[in-house]
Number of protein chains: 2
Amino acid sequence: MADLDHTELAASLERVFRLLRRISPPRDLSLTAASALRTLDQDGPHRLTELAGAEGVTQPAMTQLVSRLERDGLARRNADPADGRAVVVEITKAGRALLRHRREARVENLSHLLAALSPADAAAIAAALPAFDRLTDLLPQPREPHTQEP
Amino acid sequence: MADLDHTELAASLERVFRLLRRISPPRDLSLTAASALRTLDQDGPHRLTELAGAEGVTQPAMTQLVSRLERDGLARRNADPADGRAVVVEITKAGRALLRHRREARVENLSHLLAALSPADAAAIAAALPAFDRLTDLLPQPREPHTQEP
DNA sequence: TATTGTTATACTCTATAACTATA
DNA sequence: TATAGTTATAGAGTATAACAATA
(Lines give C-alpha, C1' and ligand atoms only; values in the text may rest on other atoms or scores of the structure.)
Protein backbone atom coordinates (compact mmCIF):
# COMPACT_ATOMS: atom_id res chain seq x y z
CA MET A 1 0.00 0.00 0.00
CA ALA A 2 1.23 3.46 -0.89
CA ASP A 3 2.21 5.80 1.89
CA LEU A 4 0.52 9.18 2.18
CA ASP A 5 2.88 12.08 1.69
CA HIS A 6 1.27 15.14 3.19
CA THR A 7 3.04 17.59 0.94
CA GLU A 8 2.03 15.55 -2.07
CA LEU A 9 -1.56 15.43 -0.89
CA ALA A 10 -1.65 19.17 -0.32
CA ALA A 11 -0.32 19.82 -3.81
CA SER A 12 -2.73 17.33 -5.29
CA LEU A 13 -5.71 18.87 -3.51
CA GLU A 14 -4.68 22.20 -4.90
CA ARG A 15 -4.85 20.77 -8.39
CA VAL A 16 -8.25 19.29 -7.63
CA PHE A 17 -9.28 22.74 -6.61
CA ARG A 18 -8.34 24.13 -10.01
CA LEU A 19 -10.20 21.24 -11.59
CA LEU A 20 -13.28 22.25 -9.68
CA ARG A 21 -12.92 25.87 -10.71
CA ARG A 22 -12.89 24.69 -14.28
CA ILE A 23 -15.84 22.35 -14.20
CA SER A 24 -17.89 24.71 -12.09
CA PRO A 25 -17.21 28.29 -13.10
CA PRO A 26 -19.16 30.73 -10.96
CA ARG A 27 -21.22 32.26 -13.71
CA ASP A 28 -24.48 32.63 -11.90
CA LEU A 29 -23.54 32.22 -8.26
CA SER A 30 -20.40 32.91 -6.26
CA LEU A 31 -18.81 30.02 -4.42
CA THR A 32 -19.95 31.33 -1.07
CA ALA A 33 -23.45 32.03 -2.34
CA ALA A 34 -23.67 28.51 -3.74
CA SER A 35 -22.33 27.02 -0.55
CA ALA A 36 -24.78 28.94 1.63
CA LEU A 37 -27.64 27.96 -0.63
CA ARG A 38 -26.59 24.32 -0.40
CA THR A 39 -26.55 24.53 3.38
CA LEU A 40 -30.08 25.92 3.34
CA ASP A 41 -31.14 23.24 0.89
CA GLN A 42 -29.72 20.31 2.81
CA ASP A 43 -30.10 21.39 6.41
CA GLY A 44 -33.18 23.60 6.22
CA PRO A 45 -33.73 27.20 7.39
CA HIS A 46 -31.03 28.85 9.44
CA ARG A 47 -30.52 31.97 11.44
CA LEU A 48 -28.35 34.51 9.76
CA THR A 49 -25.66 34.18 12.42
CA GLU A 50 -25.60 30.39 12.09
CA LEU A 51 -25.25 30.68 8.35
CA ALA A 52 -22.39 33.15 8.68
CA GLY A 53 -20.62 30.72 10.99
CA ALA A 54 -21.24 27.74 8.75
CA GLU A 55 -19.81 29.50 5.72
CA GLY A 56 -16.96 31.16 7.54
CA VAL A 57 -17.90 34.74 6.82
CA THR A 58 -18.82 37.61 9.11
CA GLN A 59 -22.33 38.54 10.09
CA PRO A 60 -22.37 41.73 7.98
CA ALA A 61 -21.09 39.77 4.98
CA MET A 62 -23.89 37.26 5.41
CA THR A 63 -26.46 40.05 5.80
CA GLN A 64 -25.41 41.32 2.40
CA LEU A 65 -25.17 37.90 0.80
CA VAL A 66 -28.66 37.02 1.98
CA SER A 67 -29.89 40.36 0.68
CA ARG A 68 -28.52 39.52 -2.76
CA LEU A 69 -30.01 36.03 -2.64
CA GLU A 70 -33.32 37.53 -1.62
CA ARG A 71 -33.17 40.14 -4.34
CA ASP A 72 -32.56 37.35 -6.86
CA GLY A 73 -35.42 35.29 -5.49
CA LEU A 74 -33.20 32.43 -4.32
CA ALA A 75 -33.78 32.79 -0.59
CA ARG A 76 -36.21 34.45 1.78
CA ARG A 77 -35.99 36.12 5.20
CA ASN A 78 -38.63 35.17 7.75
CA ALA A 79 -39.21 36.55 11.23
CA ASP A 80 -38.46 34.21 14.11
CA PRO A 81 -41.63 34.00 16.20
CA ALA A 82 -39.60 32.94 19.22
CA ASP A 83 -37.06 35.77 19.08
CA GLY A 84 -37.85 39.25 17.86
CA ARG A 85 -34.22 40.00 17.11
CA ALA A 86 -33.63 36.99 14.91
CA VAL A 87 -34.12 36.34 11.21
CA VAL A 88 -34.62 32.90 9.72
CA VAL A 89 -33.33 32.39 6.20
CA GLU A 90 -34.97 29.85 3.91
CA ILE A 91 -34.24 28.66 0.39
CA THR A 92 -36.92 29.23 -2.27
CA LYS A 93 -38.09 26.95 -5.05
CA ALA A 94 -36.07 29.01 -7.50
CA GLY A 95 -33.04 28.55 -5.27
CA ARG A 96 -33.44 24.78 -5.30
CA ALA A 97 -33.91 24.78 -9.05
CA LEU A 98 -30.73 26.77 -9.54
CA LEU A 99 -28.74 24.35 -7.38
CA ARG A 100 -30.12 21.46 -9.39
CA HIS A 101 -29.10 23.05 -12.67
CA ARG A 102 -25.61 23.76 -11.39
CA ARG A 103 -25.22 20.17 -10.27
CA GLU A 104 -26.30 18.86 -13.65
CA ALA A 105 -23.95 21.17 -15.49
CA ARG A 106 -21.06 20.10 -13.28
CA VAL A 107 -21.74 16.42 -13.85
CA GLU A 108 -22.01 17.06 -17.57
CA ASN A 109 -18.63 18.78 -17.62
CA LEU A 110 -17.05 16.07 -15.53
CA SER A 111 -18.36 13.30 -17.73
CA HIS A 112 -16.40 14.55 -20.70
CA LEU A 113 -13.20 14.37 -18.71
CA LEU A 114 -13.95 11.01 -17.17
CA ALA A 115 -14.60 9.46 -20.53
CA ALA A 116 -10.94 10.04 -21.31
CA LEU A 117 -9.68 8.55 -18.06
CA SER A 118 -8.37 5.00 -17.89
CA PRO A 119 -10.59 2.44 -16.14
CA ALA A 120 -7.86 1.83 -13.57
CA ASP A 121 -7.66 5.52 -12.70
CA ALA A 122 -11.42 5.80 -12.53
CA ALA A 123 -11.50 2.84 -10.20
CA ALA A 124 -8.81 4.34 -7.98
CA ILE A 125 -10.79 7.56 -7.70
CA ALA A 126 -14.03 5.73 -7.00
CA ALA A 127 -12.29 3.76 -4.27
CA ALA A 128 -10.96 6.91 -2.64
CA LEU A 129 -14.18 8.92 -2.53
CA PRO A 130 -15.45 7.49 0.76
CA ALA A 131 -12.05 8.19 2.30
CA PHE A 132 -12.20 11.78 1.08
CA ASP A 133 -15.62 12.17 2.58
CA ARG A 134 -14.39 10.89 5.91
CA LEU A 135 -11.48 13.29 5.63
CA THR A 136 -13.79 16.25 5.16
CA ASP A 137 -15.96 15.01 8.00
CA LEU A 138 -12.94 15.36 10.26
CA LEU A 139 -13.04 19.11 9.75
CA PRO A 140 -13.68 20.99 12.93
CA GLN A 141 -16.87 22.97 12.70
CA PRO A 142 -16.15 26.29 11.04
CA ARG A 143 -14.49 28.93 13.00
CA GLU A 144 -12.93 32.30 12.46
CA PRO A 145 -14.07 33.84 9.21
CA HIS A 146 -11.69 34.11 6.31
CA THR A 147 -10.05 37.30 5.27
CA GLN A 148 -11.05 38.18 1.76
CA GLU A 149 -11.05 35.95 -1.31
CA PRO A 150 -12.31 34.86 -3.87
CA MET B 1 -13.59 -2.70 -8.49
CA ALA B 2 -15.96 0.10 -7.63
CA ASP B 3 -17.72 1.87 -10.45
CA LEU B 4 -17.38 5.65 -10.78
CA ASP B 5 -20.65 7.47 -10.33
CA HIS B 6 -20.28 10.90 -11.88
CA THR B 7 -22.83 12.56 -9.68
CA GLU B 8 -21.16 11.09 -6.63
CA LEU B 9 -17.76 12.28 -7.82
CA ALA B 10 -19.04 15.79 -8.45
CA ALA B 11 -20.54 15.97 -4.98
CA SER B 12 -17.39 14.58 -3.46
CA LEU B 13 -15.18 17.07 -5.27
CA GLU B 14 -17.36 19.81 -3.95
CA ARG B 15 -16.71 18.62 -0.43
CA VAL B 16 -13.00 18.48 -1.18
CA PHE B 17 -13.31 22.06 -2.25
CA ARG B 18 -14.68 23.06 1.13
CA LEU B 19 -11.92 21.08 2.75
CA LEU B 20 -9.39 23.11 0.81
CA ARG B 21 -11.03 26.38 1.77
CA ARG B 22 -10.65 25.33 5.36
CA ILE B 23 -7.05 24.21 5.29
CA SER B 24 -5.98 27.11 3.13
CA PRO B 25 -7.91 30.21 4.04
CA PRO B 26 -6.93 33.15 1.86
CA ARG B 27 -5.58 35.38 4.60
CA ASP B 28 -2.70 36.91 2.76
CA LEU B 29 -3.36 36.12 -0.88
CA SER B 30 -6.50 35.59 -2.93
CA LEU B 31 -6.92 32.29 -4.72
CA THR B 32 -6.25 33.84 -8.09
CA ALA B 33 -3.27 35.78 -6.80
CA ALA B 34 -1.81 32.61 -5.30
CA SER B 35 -2.48 30.66 -8.48
CA ALA B 36 -0.84 33.29 -10.68
CA LEU B 37 2.13 33.48 -8.37
CA ARG B 38 2.48 29.70 -8.50
CA THR B 39 2.43 29.79 -12.29
CA LEU B 40 5.21 32.38 -12.26
CA ASP B 41 7.14 30.32 -9.72
CA GLN B 42 6.91 27.03 -11.58
CA ASP B 43 6.93 28.09 -15.21
CA GLY B 44 9.00 31.27 -15.06
CA PRO B 45 8.22 34.80 -16.32
CA HIS B 46 5.12 35.30 -18.43
CA ARG B 47 3.55 38.00 -20.50
CA LEU B 48 0.57 39.59 -18.89
CA THR B 49 -1.77 38.25 -21.55
CA GLU B 50 -0.45 34.71 -21.15
CA LEU B 51 -0.95 34.95 -17.41
CA ALA B 52 -4.50 36.18 -17.84
CA GLY B 53 -5.23 33.22 -20.11
CA ALA B 54 -3.61 30.73 -17.77
CA GLU B 55 -5.64 31.90 -14.80
CA GLY B 56 -8.86 32.36 -16.67
CA VAL B 57 -9.29 36.07 -16.04
CA THR B 58 -9.46 39.04 -18.40
CA GLN B 59 -6.49 41.15 -19.37
CA PRO B 60 -7.65 44.18 -17.35
CA ALA B 61 -8.18 41.96 -14.32
CA MET B 62 -4.65 40.63 -14.67
CA THR B 63 -3.26 44.14 -15.10
CA GLN B 64 -4.75 45.03 -11.75
CA LEU B 65 -3.76 41.79 -10.07
CA VAL B 66 -0.16 42.21 -11.20
CA SER B 67 -0.25 45.81 -9.98
CA ARG B 68 -1.28 44.60 -6.54
CA LEU B 69 1.37 41.88 -6.55
CA GLU B 70 3.93 44.48 -7.57
CA ARG B 71 2.79 46.91 -4.91
CA ASP B 72 3.20 44.14 -2.33
CA GLY B 73 6.64 43.25 -3.64
CA LEU B 74 5.63 39.74 -4.74
CA ALA B 75 6.11 40.20 -8.49
CA ARG B 76 7.82 42.58 -10.87
CA ARG B 77 7.05 43.98 -14.33
CA ASN B 78 9.90 44.00 -16.84
CA ALA B 79 10.00 45.43 -20.35
CA ASP B 80 10.18 42.90 -23.19
CA PRO B 81 13.26 43.81 -25.24
CA ALA B 82 11.78 42.04 -28.25
CA ASP B 83 8.40 43.78 -28.20
CA GLY B 84 7.86 47.32 -27.02
CA ARG B 85 4.19 46.74 -26.32
CA ALA B 86 4.68 43.76 -24.08
CA VAL B 87 5.33 43.38 -20.37
CA VAL B 88 7.01 40.38 -18.79
CA VAL B 89 5.95 39.52 -15.26
CA GLU B 90 8.35 37.80 -12.90
CA ILE B 91 8.06 36.51 -9.34
CA THR B 92 10.29 38.09 -6.69
CA LYS B 93 12.17 36.44 -3.84
CA ALA B 94 9.51 37.68 -1.46
CA GLY B 95 6.88 36.09 -3.71
CA ARG B 96 8.62 32.74 -3.58
CA ALA B 97 9.00 32.99 0.18
CA LEU B 98 5.30 33.70 0.59
CA LEU B 99 4.37 30.67 -1.52
CA ARG B 100 6.67 28.52 0.57
CA HIS B 101 5.08 29.69 3.80
CA ARG B 102 1.60 29.06 2.47
CA ARG B 103 2.55 25.55 1.45
CA GLU B 104 3.98 24.80 4.86
CA ALA B 105 0.91 26.13 6.61
CA ARG B 106 -1.33 24.03 4.42
CA VAL B 107 0.62 20.86 5.06
CA GLU B 108 0.59 21.63 8.76
CA ASN B 109 -3.19 22.01 8.76
CA LEU B 110 -3.65 18.86 6.73
CA SER B 111 -1.43 16.79 8.98
CA HIS B 112 -3.74 17.31 11.92
CA LEU B 113 -6.63 15.94 9.94
CA LEU B 114 -4.70 13.05 8.48
CA ALA B 115 -3.54 11.92 11.88
CA ALA B 116 -7.17 11.15 12.65
CA LEU B 117 -7.79 9.23 9.43
CA SER B 118 -7.69 5.44 9.35
CA PRO B 119 -4.68 3.84 7.67
CA ALA B 120 -6.97 2.22 5.10
CA ASP B 121 -8.51 5.55 4.16
CA ALA B 122 -5.11 7.20 3.96
CA ALA B 123 -3.93 4.41 1.69
CA ALA B 124 -6.98 4.78 -0.55
CA ILE B 125 -6.33 8.49 -0.90
CA ALA B 126 -2.64 7.96 -1.57
CA ALA B 127 -3.52 5.43 -4.25
CA ALA B 128 -5.90 7.83 -5.94
CA LEU B 129 -3.65 10.89 -6.10
CA PRO B 130 -1.94 9.94 -9.37
CA ALA B 131 -5.34 9.34 -10.92
CA PHE B 132 -6.53 12.74 -9.77
CA ASP B 133 -3.48 14.33 -11.29
CA ARG B 134 -4.15 12.62 -14.59
CA LEU B 135 -7.74 13.78 -14.36
CA THR B 136 -6.67 17.39 -13.95
CA ASP B 137 -4.19 16.96 -16.78
CA LEU B 138 -7.12 16.16 -19.04
CA LEU B 139 -8.40 19.68 -18.59
CA PRO B 140 -8.47 21.64 -21.79
CA GLN B 141 -6.24 24.67 -21.59
CA PRO B 142 -8.12 27.52 -19.95
CA ARG B 143 -10.47 29.47 -22.02
CA GLU B 144 -13.20 31.97 -21.45
CA PRO B 145 -12.69 33.84 -18.20
CA HIS B 146 -15.01 33.26 -15.28
CA THR B 147 -17.65 35.67 -14.20
CA GLN B 148 -16.99 36.91 -10.72
CA GLU B 149 -16.21 34.90 -7.60
CA PRO B 150 -15.23 34.71 -4.42
C1' DT C 1 -25.65 44.10 29.64
C1' DA C 2 -25.46 40.73 25.84
C1' DT C 3 -27.18 39.18 21.40
C1' DT C 4 -29.06 39.72 16.63
C1' DG C 5 -28.98 42.00 12.85
C1' DT C 6 -28.17 46.28 9.91
C1' DT C 7 -25.76 50.32 8.16
C1' DA C 8 -21.45 52.86 6.92
C1' DT C 9 -17.12 52.69 4.92
C1' DA C 10 -13.19 50.80 2.61
C1' DC C 11 -10.65 47.43 -0.05
C1' DT C 12 -10.08 43.34 -3.28
C1' DC C 13 -11.38 41.25 -7.39
C1' DT C 14 -13.83 40.96 -11.42
C1' DA C 15 -16.08 42.49 -15.85
C1' DT C 16 -16.88 45.47 -20.17
C1' DA C 17 -15.81 49.48 -22.78
C1' DA C 18 -12.78 52.96 -24.28
C1' DC C 19 -8.18 54.33 -24.79
C1' DT C 20 -2.76 54.52 -25.86
C1' DA C 21 1.27 52.80 -27.82
C1' DT C 22 3.69 49.66 -30.61
C1' DA C 23 3.88 46.14 -34.50
C1' DT D 1 -5.26 47.28 -38.94
C1' DA D 2 -4.14 44.19 -35.10
C1' DT D 3 -2.01 43.32 -30.64
C1' DA D 4 -0.41 44.44 -25.71
C1' DG D 5 -1.50 46.75 -22.09
C1' DT D 6 -3.84 50.48 -19.27
C1' DT D 7 -7.53 53.37 -17.55
C1' DA D 8 -12.47 54.18 -16.41
C1' DT D 9 -16.44 52.57 -14.42
C1' DA D 10 -19.58 49.39 -12.19
C1' DG D 11 -20.77 45.62 -9.25
C1' DA D 12 -19.95 41.44 -6.08
C1' DG D 13 -17.95 40.12 -1.99
C1' DT D 14 -15.49 40.83 2.08
C1' DA D 15 -13.91 43.18 6.50
C1' DT D 16 -14.19 46.30 10.74
C1' DA D 17 -16.61 49.70 13.32
C1' DA D 18 -20.69 51.88 14.84
C1' DC D 19 -25.48 51.45 15.50
C1' DA D 20 -30.60 49.88 16.59
C1' DA D 21 -33.69 46.73 18.53
C1' DT D 22 -34.74 42.94 21.42
C1' DA D 23 -33.63 39.61 25.22
Side-chain angles (χ1 to χ4, degrees), chain A residues 21 24-37 45-72 74-90 98 142-150, chain B residues 21 24-37 45-72 74-90 98 142-150:
Chain A
R21 284 220 306 189
S24 179
R27 305 197 181 290
D28 35 15
L29 224 47
S30 83
L31 285 172
T32 307
S35 188
L37 218 43
H46 280 68
R47 283 195 173 191
L48 203 138
T49 302
E50 291 170 350
L51 211 48
E55 301 306 327
V57 301
T58 60
Q59 205 174 61
M62 189 50 71
T63 288
Q64 293 179 46
L65 172 53
V66 168
S67 296
R68 285 188 296 268
L69 291 175
E70 204 168 27
R71 178 204 59 193
D72 296 341
L74 305 174
R76 183 170 38 236
R77 274 181 175 91
N78 296 308
D80 183 342
D83 187 339
R85 300 166 303 177
V87 155
V88 179
V89 186
E90 188 182 6
L98 181 55
R143 50 323 83 252
E144 338 116 49
H146 303 147
T147 311
Q148 224 67 272
E149 149 148 13
Chain B
R21 283 221 306 189
S24 179
R27 305 197 181 290
D28 35 15
L29 225 46
S30 82
L31 284 171
T32 308
S35 187
L37 218 44
H46 279 70
R47 282 194 173 193
L48 202 138
T49 302
E50 291 170 349
L51 212 48
E55 302 305 328
V57 301
T58 60
Q59 204 174 62
M62 190 49 72
T63 288
Q64 293 178 46
L65 173 54
V66 168
S67 296
R68 285 188 296 267
L69 291 175
E70 205 168 25
R71 179 204 57 193
D72 296 341
L74 305 174
R76 181 169 41 236
R77 274 181 175 90
N78 296 308
D80 183 341
D83 188 339
R85 301 167 302 177
V87 156
V88 179
V89 186
E90 188 182 5
L98 181 55
R143 49 322 86 255
E144 339 115 50
H146 303 147
T147 310
Q148 224 68 276
E149 149 145 14

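Each chain gets a letter, A, B and so on, in the order the sequences are listed, and its residues count up from 1.
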Who pairs with A:Glu70 by side-chain hydrogen bond (donor to acceptor under 3.5 Å, both in side chains), at least two apart in sequence or on another chain?
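Per chain and number, A:Glu70 pairs via side-chain hydrogen bond (donor to acceptor under 3.5 Å, both in side chains) with A:Arg77.
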With sequence neighbours excluded, residues passing side-chain hydrogen bond (donor to acceptor under 3.5 Å, both in side chains) with A:Gln64
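Checked A:Gln64 against side-chain hydrogen bond (donor to acceptor under 3.5 Å, both in side chains); zero matches.
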Under 4.0 Å: is that the gap between some side-chain N or O of A:Thr58 and OP1 or OP2 of D:dA15?
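The answer is yes; a side-chain N or O of A:Thr58 sits under 4.0 Å from OP1 or OP2.
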Think B:Arg71 has a side-chain N or O under 4.0 angstrom from the OP1 or OP2 of C:dC11?
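For C:dC11, neither OP1 nor OP2 has a side-chain N or O of B:Arg71 closer than 4.0 Å.
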With 3.5 Å as the limit, what N/O pairs link the protein to nucleotides 3-8 of chain C?
| from | atom 1 | to | atom 2 | distance (Å) |
| --- | --- | --- | --- | --- |
| C:dT3 | O4' | A:Arg85 | NH1 | 3.3 |
| C:dT3 | O2 | A:Arg85 | NH1 | 3.1 |
| C:dG5 | OP1 | A:Val87 | N | 2.5 |
| C:dG5 | OP1 | A:Val87 | O | 3.0 |
| C:dG5 | OP2 | A:Thr49 | N | 3.1 |
| C:dG5 | OP2 | A:Thr49 | OG1 | 2.4 |
| C:dG5 | N7 | A:Gln59 | OE1 | 2.5 |
| C:dT6 | OP1 | A:Arg77 | NE | 3.0 |
| C:dT6 | OP1 | A:Arg77 | NH2 | 3.4 |
| C:dT6 | OP2 | A:Thr63 | OG1 | 2.8 |
| C:dT6 | OP2 | A:Arg77 | NH2 | 3.4 |

Residues which pass salt bridge (Lys or Arg N to Asp or Glu O under 4.0 Å) with B:Arg76, listed by chain and number, not counting sequence neighbours
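If we apply the salt bridge (Lys or Arg N to Asp or Glu O under 4.0 Å) test to B:Arg76, skipping adjacent residues, the hits are B:Glu90.
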According to salt bridge (Lys or Arg N to Asp or Glu O under 4.0 Å), who are the partners of B:Glu50, at least two apart in sequence or on a separate chain?
none
Could you state the atom-to-atom distance from [atom1] of [X] to [atom2] of [N] in whole Å?
X	N	atom1	atom2	result
B:Leu51	C:dT14	CG	P	12 Å
A:Leu69	D:dT14	CG	P	11 Å
B:Arg68	C:dT14	CZ	P	7 Å
A:Leu65	D:dA15	CG	C1'	14 Å

Taking only residues at least two apart or on different chains, which pairs with a member in residues 78-89 of chain B satisfy salt bridge (charged side-chain N to carboxylate O under 4.0 Å, His left out)?
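Checked against salt bridge (charged side-chain N to carboxylate O under 4.0 Å, His left out) - neighbours excluded - the pairs reaching residues 78-89 of chain B are B:Arg47-B:Asp80, B:Arg47-B:Asp83, B:Asp83-B:Arg85.
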Do the side-chain N and O atoms of A:Thr32 and A:Glu55 include a donor-acceptor pair separated by under 3.5 angstrom?
no
